[in-house]
Amino acid sequence: MASAPVDLSMLREDLHLAEAGGFCTFEGWVRNRNEGRPVDGLEYESYEALAQLEGERIVAEALERFEISQAVAMHRTGSLKVGDVAVWIGVSAPHRDAAFRACRYIIDEIKHRVPVWKKEHYLDGDAEWVACHHCQTAPRASEAGAHDHEHDHGSCGHHHH
């Protein structure tokens, strides 16, 4: 969890290991529209102690489940503007398939398990809290088969960045 912008090159540096033949990253950005409404920015709040602990558990699970060398995850809190990085996941591995699968697993699990709440600020001056985790209608990477698929988030109000 980070309450201010993070130097992503520092996060990436921890993943550049001699045994790693590849690196996969996911960056979630604040976008300018959600469900047809123009967005000016976001606020993220979290239960920081639990969010940190759960994030560490997710990374540890990825290290156990996939043949990867290292993984790093960061989620912002506080006020963010359109274009800001809200979440960053990086995975290094000897082979690309494991890096891609672990990266997907980590972001999906963060969205389901880490206690983070998102308040969208719209250009019309309105603001609204939207679901940011525990979308039970969405299949998680841990529940998905070996094939790629698109998530259907149903009516939980959450959309990936």
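All heavy atoms count here, side chains included; hydrogens, waters and symmetry mates do not. Keep in mind that this is a model prediction, so the values were computed, not measured. Counting begins at 1 with the first residue of the sequence.
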Is there a donor-acceptor contact under 3.5 Å linking the side chains of Glu56 and Gln52?
yes
Which heavy atom of Ala71 sits nearest to which heavy atom of Val59, and what is that distance?
O-CG1, 3.6 Å
Which value, rounded to the nearest 0.5 Å, describes the distance between Leu123 atom CG and Arg33 atom CZ?
8.5 Å
Assess whether a salt bridge exists between Lys119 and Glu45, defined as any Lys/Arg side-chain N lying under 4.0 Å from an Asp/Glu carboxylate O.
no
Lys111 versus His75: any side-chain heavy-atom pair under 4.5 Å?
yes
Thr25 side chain to Ile89 backbone, donor-acceptor under 3.5 Å
yes
Does the structure place the NZ or CZ of Arg76 under 6.0 Å from the centre of the six-membered ring of Tyr44, at an angle of no more than 45° from the ring's axis?
no
Please check if any side-chain donor atom of His121 sits under 3.5 Å from a side-chain acceptor atom of Glu43, or the reverse.
yes
Kindly determine whether Arg37 and Glu128 satisfy salt bridge (Lys or Arg N to Asp or Glu O under 4.0 Å), including the steps that lead there.
CA-CA 11 Å; Arg37 295 185 73 182; Glu128 181 177 294; 3.7 Å; yes
Would you say the side-chain atoms of Trp117 and Ser46 include a donor-acceptor pair closer than 3.5 Å?
no
Minimal non-hydrogen separation, Tyr122 against Val130, with atom names
OH-CG1, 4.4 Å
Check for me whether Arg12 meets the cation-pi criterion with Phe23, that is, NZ or CZ under 6.0 Å from the six-membered ring centre and within 45 degrees of the ring axis.
yes
Of the non-hydrogen atoms in Ile68 and Ala98, which two are nearest, and what is the gap between them?
CG2-O, 3.6 Å
If you group Ile, Leu, Val, Met, Phe, Trp and Tyr by side-chain heavy-atom gaps below 4.5 Å, do Trp88 and Trp29 land in one group?
yes
Could you measure the distance from the CD atom of Gln70 to the OG atom of Ser92? Nearest 0.5 Å is fine.
6.0 Å
Closest approach of Val114 to Gly55 (non-hydrogen atoms, all atoms of both residues)
CG2-N, 4.2 Å
May I ask you to decide if Lys81's main-chain N or O and Asp84's side chain share a donor-acceptor pair within less than 3.5 Å?
yes
Rounded distance (nearest 0.5 Å) linking atom CD of Glu27 with atom CE of Met74
8.0 Å
One should read off an interatomic distance between Phe26 CZ and Ile106 CD1, to the nearest 0.5 angstrom, of 12.0 Å
Leu15 with Val6, same ILVMFWY side-chain cluster at under 4.5 Å
yes
What do the steps show when you test Lys118 against Trp129 for side-chain contact (heavy atoms from CB on, under 4.5 Å), and what is the final call?
CA-CA 6 Å; Lys118 177 171 67 173; Trp129 288 100; 5.6 Å; no
Distance, nearest 0.5 Å, that separates CD1 of Ile58 from CG of Leu63
12.5 Å
What pair of heavy atoms forms the shortest contact from Val39 to Asn34, and how long is it?
CG2-N, 3.7 Å
Any Thr77 side-chain heavy atom under 4.5 Å of Val116 side chain
no
Is a salt bridge present between Glu61 and Arg113, judged by a nitrogen-to-oxygen distance below 4.0 Å?
yes
Are Ile107 and Phe100 connected, step by step, through hydrophobic side chains (Ile, Leu, Val, Met, Phe, Trp, Tyr) whose heavy atoms are closer than 4.5 Å?
no
Residue pair Glu67 / Pro94: nearest heavy atoms and the distance that separates them:
O-CD, 3.6 Å
Consider only side-chain heavy atoms of I, L, V, M, F, W and Y, link residues closer than 4.5 Å, and tell whether Leu17 and Val72 are in one cluster.
no
